[in-house]
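The block underneath contains the structure these notes are about, expressed in structure tokens.
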Amino acid sequence: MENQVTQAVEEIILASHDSVATRKIIDFTLAKLRTFEIVPTEVQLVVLANHLGEMIRRSQTNERMMRVDPLMFSEVSKEALDLSQAVVKEVGNLAVDEKYVLSIHFETARQNKLN
């Protein structure tokens with residue numbers, strides 16, 4: 001799979017709070033993944049799409065996620081954190097904690113190419 005929107009991801013987009021914004025951030029994220037040569041599995045892509053849709057909802061409703069301890073993410077690569085920061089910035093109106101939680105998706109998918 002080469003970072004393509006699958007039927008399962010399409011369904012997540014259509015069921016999301018804002019399908020236009022969700023599709024836009026998924027496309028943005030997939031483009032970023034390609035620049036880092038990160039290819040998530042189909043399951044990883046579905047979980048990521050769901051998370052991105054929820055981030056859009058939180059951004060638009062001003063909901064904040066629970067705070068996280070950044071030290072818990074000390075083993076996440078700079079690559080995954082940078083990618084995550086770019087996505088959080090693109091969505092806008094999100095707590096800084098979003099970057100850390102989102103980075104786990106990228107770190108996990110990054111491991112695909114290392115294994």
Side-chain angles (χ1 to χ4, degrees):
M1 163 152 301
E2 181 140 341
N3 293 341
Q4 295 183 19
V5 174
T6 62
Q7 182 61 38
V9 172
E10 278 295 333
E11 290 172 11
I12 290 168
I13 291 168
L14 293 174
S16 67
H17 174 78
D18 180 337
S19 61
V20 172
T22 300
R23 182 178 305 280
K24 181 179 174 198
I25 200 60
I26 288 172
D27 289 345
F28 174 87
T29 304
L30 293 178
K32 286 287 187 188
L33 286 170
R34 282 189 291 276
T35 66
F36 286 98
E37 297 180 347
I38 296 173
V39 181
T41 65
E42 186 170 351
V43 171
Q44 290 169 340
L45 187 56
V46 167
V47 174
L48 174 61
N50 201 31
H51 189 157
L52 292 170
E54 287 300 306
M55 287 173 62
I56 293 293
R57 184 186 57 75
R58 283 192 291 276
S59 172
Q60 293 178 350
T61 63
N62 292 315
E63 180 183 335
R64 296 293 179 242
M65 67 180 306
M66 286 181 23
R67 296 188 56 83
V68 298
D69 181 355
L71 292 176
M72 292 175 34
F73 301 86
S74 62
E75 294 186 24
V76 173
S77 68
K78 181 177 179 341
E79 181 180 61
L81 286 168
D82 289 349
L83 179 53
S84 184
Q85 179 61 42
V87 173
V88 167
K89 182 179 177 185
E90 183 72 14
V91 172
N93 194 36
L94 292 170
V96 69
D97 302 286
E98 295 273 2
K99 168 181 130 174
Y100 296 104
V101 177
L102 182 63
S103 72
I104 296 301
H105 294 282
F106 303 135
E107 186 64 26
T108 302
R110 186 176 162 274
Q111 295 301 315
N112 297 340
K113 73 178 182 180
L114 300 178
N115 293 330

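Since this is a predicted model, take the numbers as computed values, not measurements. What's counted below: heavy atoms across the whole structure, side chains too, no hydrogens, waters or symmetry copies.
The cluster map of Ile, Leu, Val, Met, Phe, Trp and Tyr, joined by side-chain heavy atoms under 4.5 Å apart, puts Val46 and Leu33 in the same cluster. Cluster membership for Tyr100 and Val87, using ILVMFWY side-chain heavy atoms within less than 4.5 angstrom, is not shared. The hydrophobic clustering, which links ILVMFWY residues whose side-chain heavy atoms are closer than 4.5 Å, places Ile26 and Ile104 apart. Under the 4.5 Å side-chain heavy-atom criterion for Ile, Leu, Val, Met, Phe, Trp and Tyr, Val68 and Val76 are members of the same hydrophobic cluster. Under a hydrophobic-cluster definition in which Ile, Leu, Val, Met, Phe, Trp and Tyr are linked whenever side-chain heavy atoms come within less than 4.5 Å, directly or via other members, Ile38 and Phe28 are assigned to the same cluster.
Using a 4.5 Å heavy-atom cutoff, the side chains of Val39 and Asn112 are not in contact. The shortest distance between side-chain heavy atoms of Ile25 and Met55 does not fall below 4.5 Å. The closest side-chain heavy-atom distance from Lys99 to Leu81 is below 4.5 Å. Proximity of Arg23 to Glu10: side-chain heavy atoms (C-beta onward) are separated by under 4.5 Å at one or more points. Using a 4.5 Å heavy-atom cutoff, the side chains of Glu90 and Lys32 are not in contact.
In summary, of the residues considered (Leu83, Leu52, Leu45), a side chain to side chain contact (heavy atoms under 4.5 Å, CB included) with Thr29 occurs for Leu52 alone. Leu94 pairs in a side chain to side chain contact (heavy atoms under 4.5 Å, CB included) with only one of the listed residues (Ile56, Val88, Asn62, Leu102), which is Val88.
Looking at every heavy atom in both residues, Ser19 comes nearest to Ile13 through CB-O, 3.2 Å. Shown here for Ser103 and Ser84, the closest heavy-atom pair between the two residues is N-OG, 3.4 Å. Across all their heavy atoms, Asp97 and Met65 have their closest contact at C-SD, 3.8 Å.
By the 30° and 60° cut-offs, the orientation of the rings of His51 relative to His105 is perpendicular.
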Pair Asp27, Val5 - check side chain to side chain contact (heavy atoms under 4.5 Å, CB included), show working. CA-CA 8 Å; Asp27 289 345; Val5 174; 4.2 Å; yes
